[in-house]
Amino acid sequence: MGFRIPAWAIVVLGGACAPVHGGVITFEFFPGPDGILGTPDDVPIVAPASLAAQDVQIGDQFAPQGVLFTLPVVQDHNEIINGELFAGSAQWSPVNVLASDGEIEFRFTGFVQRVTVTGGIGEGRDHLYTFNHANQPIANSPLDGRGGVSHSQGIARVVIRPKSPRTMAVIDDLEFEFNTPSCAPDLSAGAIQGLAGYGVPDGVLDGDDFFYYLNEFVAGNLGVCDLTTGSTPGQTGYGVPNGLLTNDDFFFYLDLFALGC
């Protein structure tokens, strides 16, 4: 693919990853400077009542919580709106919801064993699809109210599809639980495809993780390797997948690997 691996990238790093943690995103606040939701510096979200009036799409705003939303190149996807229009729908917490004129998709940067979300808020029953770190389907189920999935393989990516292409997907109160490990560059317990542990995080950051990513990058696995739109911290789209596999994704992963856990 026309890239060279820097010599420093071959250095094997070791160590345990972050402790068990989880989170809840109600779409009422963005994390403040401390990066933690539920603290005094949270930033309230004042949202309009329609997608047409909302100009801000959600991509990496919740990255400190370990959640990255796939940012489409068109408006009216992954936008926070005031949900008073859906007041008759049960089990969601007013006042904001996340809505999309089409699918809602997000991925986790660590090993998530459980995800729960409220759906079916908008124009009928949504559908919940989950995928593991090898981008293989785990489960799919109707989402009409509170629902979710738990899986020992680890949930890496979630897609919520609306009832039909002509309706919106609307969700609220996204809750997730990271199992140890919870560490973005920890991707695999082994580097040999087909053996047990391949593509399953194991709580240790080492050469297996690097070569797993390299294997999947060469294979063109977007589900695992599409990590960013650019490789420069602070630029728009940094840490937000864009549906393309480029050198930016590779060097983004190297940066994560070098930081350790």
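Residue indices begin at 1 and follow the sequence shown.
Between Asp226 and Leu244, the closest side-chain pair of non-hydrogen atoms is not below 4.5 Å. Within the 4.5 Å cutoff, the side chain of Met168 has no heavy atoms near those of the Pro162 side chain. Looking only at side-chain heavy atoms (C-beta outward), Gln61 and Val56 come within less than 4.5 Å of each other. Residues Asp186 and Val204 fail the side-chain proximity criterion, which asks for heavy atoms closer than 4.5 Å. Looking only at side-chain heavy atoms (C-beta outward), Val67 and Phe69 come within less than 4.5 Å of each other. Within the 4.5 Å cutoff, no side-chain heavy atoms of His151 are placed close to those of Gln113. Side-chain contact check for Ile192 versus Tyr198: every heavy-atom pair is 4.5 Å or farther apart. For the pair Thr118 and Ile171, the minimum side-chain heavy-atom distance is 4.5 Å or more.
A donor-acceptor contact shorter than 3.5 Å is absent between the side chain of Asp144 and the backbone of Asp126. Although no hydrogens or angles enter the test, the distance criterion places no donor-acceptor pair under 3.5 Å between the side chain of Asn82 and the main chain of Pro48. In terms of modelled atom types and a separation under 3.5 Å, the side chain of Arg107 and the main chain of Leu227 share a donor-acceptor contact. Although no hydrogens or angles enter the test, the distance criterion places no donor-acceptor pair under 3.5 Å between the side chain of Ser100 and the main chain of His77. Formation of a donor-acceptor pair under 3.5 Å by the Asp41 side chain with backbone atoms of Asp34 is found in this model. Between the Ser188 side chain and the Ala191 main chain, no donor and acceptor come within less than 3.5 Å of each other. Checking side-chain atoms of Asn221 against main-chain N and O of Cys225 turns up no donor-acceptor pair under 3.5 Å. Of the possible polar contacts, one joining the Gln65 side chain to the Gly35 backbone as a donor-acceptor pair under 3.5 Å is found.
Tyr253 has its ring centre no less than 6.0 Å from the ring centre of Phe217. Separation of the Phe106 and Phe108 ring centroids falls under the 6.0 Å cut-off.
Side-chain contact, Thr228 with Asp249: no donor N or O sits under 3.5 Å from an acceptor N or O. Between Thr26 and Asp173, the side chains place no donor N or O within less than 3.5 Å of an acceptor N or O (distance only, hydrogens not considered). A donor-acceptor contact closer than 3.5 angstrom is absent between the side chains of Gln57 and Glu79. Under the 3.5 Å distance criterion, with hydrogens and angles disregarded, no donor-acceptor pair is assigned to the side chains of Tyr129 and Glu103.
Under a hydrophobic clustering in which Ile, Leu, Val, Met, Phe, Trp and Tyr are joined whenever their side-chain heavy atoms come within less than 4.5 Å, directly or via other members, Leu222 and Leu254 fall into the same cluster. Val149 and Phe131 are assigned to two separate hydrophobic clusters, defined by single-linkage of ILVMFWY side chains at heavy-atom distances under 4.5 Å. By the criterion of side-chain heavy atoms lying less than 4.5 angstrom apart, applied directly or through intervening Ile, Leu, Val, Met, Phe, Trp or Tyr residues, Leu187 is grouped together with Leu214 in one hydrophobic cluster. In the hydrophobic clustering of this structure, Phe62 groups with Val117; members are Ile, Leu, Val, Met, Phe, Trp, Tyr whose side-chain heavy atoms approach within less than 4.5 Å, directly or through other members. In the hydrophobic cluster analysis, where Ile, Leu, Val, Met, Phe, Trp and Tyr join through side-chain heavy atoms closer than 4.5 angstrom, Ile121 is grouped together with Leu85.
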Ring pair (Phe, Tyr, Trp, His ring centres under 6.0 Å) for Phe257 and Tyr213? Distances and angles first, verdict last.
CA-CA 10 Å; Phe257 188 85; Tyr213 183 86; 9.8 Å; no
Any chance you could lay out the side chain to side chain contact (heavy atoms under 4.5 Å, CB included) test for Ile45 and Glu28, step after step, and finish with the verdict?
CA-CA 5 Å; Ile45 301 172; Glu28 307 298 331; 5.9 Å; no
Side chain to side chain contact (heavy atoms under 4.5 Å, CB included), that's the test. Do Leu37 and Asp42 meet it? Break it down for me.
CA-CA 6 Å; Leu37 280 175; Asp42 287 355; 4.1 Å; yes
Please assess Asn140 against His127 for the test side-chain hydrogen bond (donor to acceptor under 3.5 Å, both in side chains), listing each intermediate value before the final yes or no.
CA-CA 7 Å; Asn140 68 82; His127 214 90; 3.1 Å; yes
Starting from the C-alpha separation in whole Å, work towards a yes-or-no answer on salt bridge (charged side-chain N to carboxylate O under 4.0 Å, His left out) for Arg146 and Glu175.
CA-CA 10 Å; Arg146 197 77 179 149; Glu175 183 176 359; 3.3 Å; yes
Evaluate side chain to side chain contact (heavy atoms under 4.5 Å, CB included) for Thr130 paired with Arg157, printing each intermediate quantity in order.
CA-CA 6 Å; Thr130 52; Arg157 186 167 69 94; over 6 Å; no
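In this structure, the separation between CG on Asn242 and OG1 on Thr229 is 4.0 Å, given to the nearest 0.5 Å. Distance OG/Ser50 to CD1/Ile81: 7.0 Å, rounded to 0.5 Å. Note that CZ of Phe29 and CG of Asn96 are 9.5 Å apart. Values are rounded to the nearest 0.5 Å.
Of all the heavy atoms in Gly102 and Ala169, the pair that sits closest is O-CB, 3.4 Å. Considering every non-hydrogen atom in both Leu98 and Asn78, the closest pair reads CD1-C, 3.7 Å. The shortest non-hydrogen separation linking Leu51 to Asp101 is CD1-N, 3.8 Å. The two residues Gln54 and Ile80 come nearest to each other via the heavy atoms NE2-O, 2.6 Å. A pairwise comparison of heavy atoms in Gly230 and Asp248 identifies CA-OD2, 3.7 Å as the closest pair.
Note: Phe210 and Phe250 have perpendicular aromatic rings, judged against thresholds of 30 and 60 degrees for the angle between ring planes.
Relative to the six-membered ring of Phe176, Arg114 misses at least one condition, a distance below 6.0 Å or an angle of at most 45° to the axis.
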